[in-house]
K.L.:
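Take this structure, written in structure tokens, and hold onto it; I'll ask about it next.
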Amino acid sequence: MEFHLINHPLDCPVCDQAGECWLQIYYMKHGLYEPRMTDDKVHKPKAVPLGPHVILDAERCILCSRCVRFCDEVTRTGELGIFGRGDRSEIGLFPGTELANKYSGNVVDICPVGALTDRDFRFQVRVWYLESQKSICPGCARGCNIEVHVNRRRPHHAQGRRVVRLKPRFNDAVNKWWICDEGRYGYGFVDDPSRLTAPLRRVGGKTLDVSWTEMFTLVADGLRRYTADEIGVIASPKMSNEDLFLLERLVDGLGVRAVDYRVPPAQPGDQDDFLIRADRNPNSRGAELIGLGRSDARAILNAARDRRIKCLWVFHHDLLASAWPEGEVLDALLGAETVIFQGTNANATSAHAHLTLPAAAYPEREGTYTNFEGRVQRFRQAFEPLGQALADWESLGCLLQAVQGAGRPSRAEECFRALAAAVPAYAGLSYRSIGDGGQMIATGSP
Amino acid sequence: MSPAATEKILTRNFGRPDSHTLKAYLETGGYTALPKALTMEPPAIIDAVKRSNLRGLGGAGFPTGTKWSFIPKGHTGPVYLVINADEGEPGTFKDRYLLERDPHALIEGMLIAARAIGSTLAFVYIRGEYVESWRHVSAAVGEAYEAGYLGRGLDVVVHRGAGAYICGEETGLISSLEGKKGWPKLKPPFPAIKGAFGAPTIVNNVETICHVPHIINRGAEWFASLGTKTQGGTRMYSVSGRVTRPGVYETSVAVTLRQLIYEYAGGVTGNGRLKAVVPGGSSAAILTADEIDVTMDVDGLKAAGTMAGSAGVIVLDETVSIPEALMVVARFYAHESCGQCTPCRESTGWIYEMTRRIVVGRGRKADLDTILDVARRGAGTTICAFYDGAVGPYISYIEKFRAEFESLIPK
């Protein structure tokens with residue numbers, strides 16, 4: 001203990017690790033001695049950026065070599081090494097390299113002290129003000145288990161962001177101890193100014209705020225105005241199983257057949273043999289199992305362009321940023337009489353909507369995703385939705401009530417119970433049995 | 001035994017200017033043990049070395065034959081022999097003489113040792129600073145290939161180190177040889193089970209291996225009779241410091257420290273008064289002037305609370321300041337600590353800083369006890385013996401010469 005601290009800068013008051021630092025914890029547990037070291041400390045480089053996400057303070061480093069081993073054994077990219085001898089030893093990059101692998105943020109998690117800190121989180125908020133909630137990364141079809149770290153107690157810190165960082169949560173079957181950088185730093189949309197916070201109605205050139213009650217009536221009337229063949233629905237694989245199940249019930253009750261969830265991205269996602277999946281959606285498998293892929297999304301758009309589909313209901317997607325030609329999509333959006341958009345953030349597509357329904361982002365609600373292997377995993381609510389945003393299952397439940405007079409579920413768990421009873425793949429699953437580690441869908445499911 | 005009566009074995013040819021050549025080696029009876037060894041079964045060679053009481057002369061003093069017998073029986077796949085010629089212990093320069101003046105003795109010893117342990121590839125790891133040694137060994141290896149001693153069952157690779165003391169530590173040397181940073185490895189597994197490149201490996205000191213041909217030629221009993229009950233043969237002592245005739249002296253391991261200093265090295269320079277002696281390289285605990293009636297074998301020095309180590313005898317007289325000597329030693333260990341284990345990495349630098357402060361007159365009363373406490377707490381907690389080697393001087397210098405340290409500390 002004393003040896004680790006003699007050359008340590010003892011700069012806890014300005015160190016991001018303070019509060020979750022093992023050197024600090026062990027000192028309080030086992031140290032608490034009178035310091036005997038009165039000589040000059042060995043000085044080493046400070047605030048050295050190692051890559052886009054990680055910054056090094058070599059003086060705080062205890063040379064445990066975890067980060068070196070991570071780069072050697074987990075990512076096999078080998079950017080880091082220990083250089084120098086004796087008390088001049090320090091962590092560093094091999095010449096000509098940069099810590100820019102796709103998993104570099106993990107070295108910050110495994111660093112027991114404040115030597116490697118996160119450039120994104122640096123100096124944002126003290127960790128003891130944070131709260132944590134179990135969640136699932138929505139960044140790709142893997143569904144890495146994460147913790148959402150939330151800053152509610154110091155709203156004037158971190159530019160008012162509620163989500164200040166994501167940390168991996170151990171799940172041996174899915175992501176072990178790790179997450180990728182894309183997922184780790186992909187939470188920006190949750191507190192982005194583009195968030196939709198109120199139901200909106202566009203009449204002529206004007207956009208009006210409406211209440212949810214009015215909105216449900218408007219949507220229900222709209223749906224009733226058209227025949228089943230005049231309605232097209234583009235669901236989203238970013239929606240949870242619960243959302244998708246209620247949507248399936250709604251379109252099933254209306255007899256709508258033009259329903260799909262598959263929209264190819266402009267840039268195909270990369271994939272590796274570790275965690276990252278090419279499909280950047282968390283719930284494509286769920287959408288498929290629940291039966292939202294009855295048609296073809298591009299054909300739906302073509303039908304809208306040809307005025308065969310008059311009411312187009314788009315969930316979350318920005319169709320104008322897809323792989324499809326922009327002009328083709330624009331014609332479809334302009335061709336439909338009624339465009340309904342439901343999503344968390346405004347985008348180019350939502351600008352063309354006549355009715356906009358604000359949706360809660362994943363940390364603002366609970367639900368389940370089905371990952372590419374068929375593992376159903378729960379994510380939980382970390383904080384309240386922004387403005388009037390509602391979880392998709394909530395707004396869809398209200399619409400089911402308005403359109404079909406069905407009972408409205410009051411909790412996501414109720415939706416899941418109904419799903420488990422209705423869709424064979426989910427038979428036998430419950431929130432309780434899924435637990436924190438997730439549960440595989442029934443064997444023999446597609 | 002009277003030291004003067006001890007026959008010179010390893011150093012017998014050092015007088016010849018061409019002693020490093022194959023011609024000289026052959027003319028003085030070289031490569032005569034090899035044919036004899038080739039008629040012996042490997043276990044018989046190991047048995048002979050065991051009976052000779054040959055002990056490792058690099059520093060640890062481990063019985064050589066026993067070490068060889070640790071190679072797993074029935075092992076298939078490569079076995080390596082590695083010669084530790086990274087002589088780095090301060091005060092030690094005996095291997096350098098052997099490498100420069102009698103490299104063929106090493107090669108013949110390697111051939112016999114390789115047969116005993118079943119190795120077909122041997123490495124000579126030479127200290128980076130030993131340029132002349134490297135030249136002579138490389139030339140001798142070339143001659144041995146040409147003459148057909150090497151290349152028929154044994155190949156030898158001569159490897160130059162990059163100048164780190166820690167690469168003289170058995171497993172640090174193996175790491176370095178493997179192309180990695182010279183960090184020692186955890187034992188077990190011992191190198192004889194899993195060493196260089198994951199294969200069973202025997203690491204022996206140069207001098208140890210040079211003895212082997214003589215044991216084969218003249219018999220284990222003859223060799224054992226030269227020394228004490230637990231250690232056979234002669235040994236090359238590097239005597240340096242305040243003596244009239246510093247140098248390498250080969251004599252029986254039963255010689256006393258007093259004989260070495262006064263009979264071989266000609267006594268203290270200018271008939272000065274002896275103050276202290278470091279008997280086995282800088283890592284050995286220091287002995288005071290009245291502690292020098294000890295035999296210089298491994299067990300004799302162990303009983304005296306120090307160690308035979310690499311047999312580097314450093315003589316200090318009344319002109320030498322012990323605190324300054326400790327500062328120099330402490331600076332060496334702070335500079336050479338590899339940095340892998342925390343106690344060694346952090347405390348060698350700290351202890352050096354404290355000794356330096358004491359020497360320049362800025363010591364504090366608590367410093368001496370802090371050094372002793374830090375040294376004692378760290379001892380035995382590290383992967384290799386480096387730190388234990390540093391602790392030897394830290395503790396013994398202060399305990400035996402405390403008054404001298406205290407006189408430098410301002411009241």
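To find a chain, count down the sequence lines: A is the first, B the second, and so on, and within it residues start at 1. This is a predicted model, so every value here is computed, not measured.
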K.L.:
Above 12 or not: heavy atoms from other molecules or residues under 6.0 Å from CZ of B/Arg96?
P.N.:
no
K.L.:
More than 12 heavy atoms of other residues, nucleotides or ligands under 6.0 Å from NZ of A/Lys41: is that the case?
P.N.:
yes
K.L.:
Applying a criterion of heavy atom separation less than 4.5 Å, what residues of residues 331-348 of chain B form contacts with chain A?
P.N.:
B/Ala334, B/His335, B/Glu336, B/Ser337, B/Cys338, B/Gly339, B/Thr342, B/Pro343, B/Arg345, B/Glu346, B/Ser347
K.L.:
Identify the residues of residues 397-411 of chain B whose heavy atoms come closer than 4.5 Å to a heavy atom of chain A, ordered by number, or report 'none'.
P.N.:
none
K.L.:
What is the distance from atom CD of B/Glu353 to atom CG of A/Asp40, rounded to the nearest 0.5 Å?
P.N.:
6.5 Å
K.L.:
Output the residues of residues 164-190 of chain B for which the shortest heavy-atom distance to chain A is under 4.5 Å, in residue-number order; output 'none' if no such residue exists.
P.N.:
B/Ala164, B/Lys181, B/Trp183
K.L.:
Kindly compute the distance separating OG1 (A/Thr38) from CE (B/Met354), expressed to the nearest 0.5 Å.
P.N.:
8.0 Å
K.L.:
Sort by residue number and list every residue of residues 62-83 of chain A having at least one heavy atom under 4.5 Å from chain B.
P.N.:
A/Ile62, A/Leu63, A/Ile82, A/Phe83
K.L.:
Should B/Asp373 and A/Arg36 count as an ion pair when the cut-off is N to O under 4.0 Å?
P.N.:
yes
K.L.:
Any chance you could lay out the side-chain contact (heavy atoms from CB on, under 4.5 Å) test for A/Glu2 and B/Trp350, step after step, and finish with the verdict?
P.N.:
CA-CA 11 Å; A/Glu2 187 177 25; B/Trp350 185 19; 3.4 Å; yes
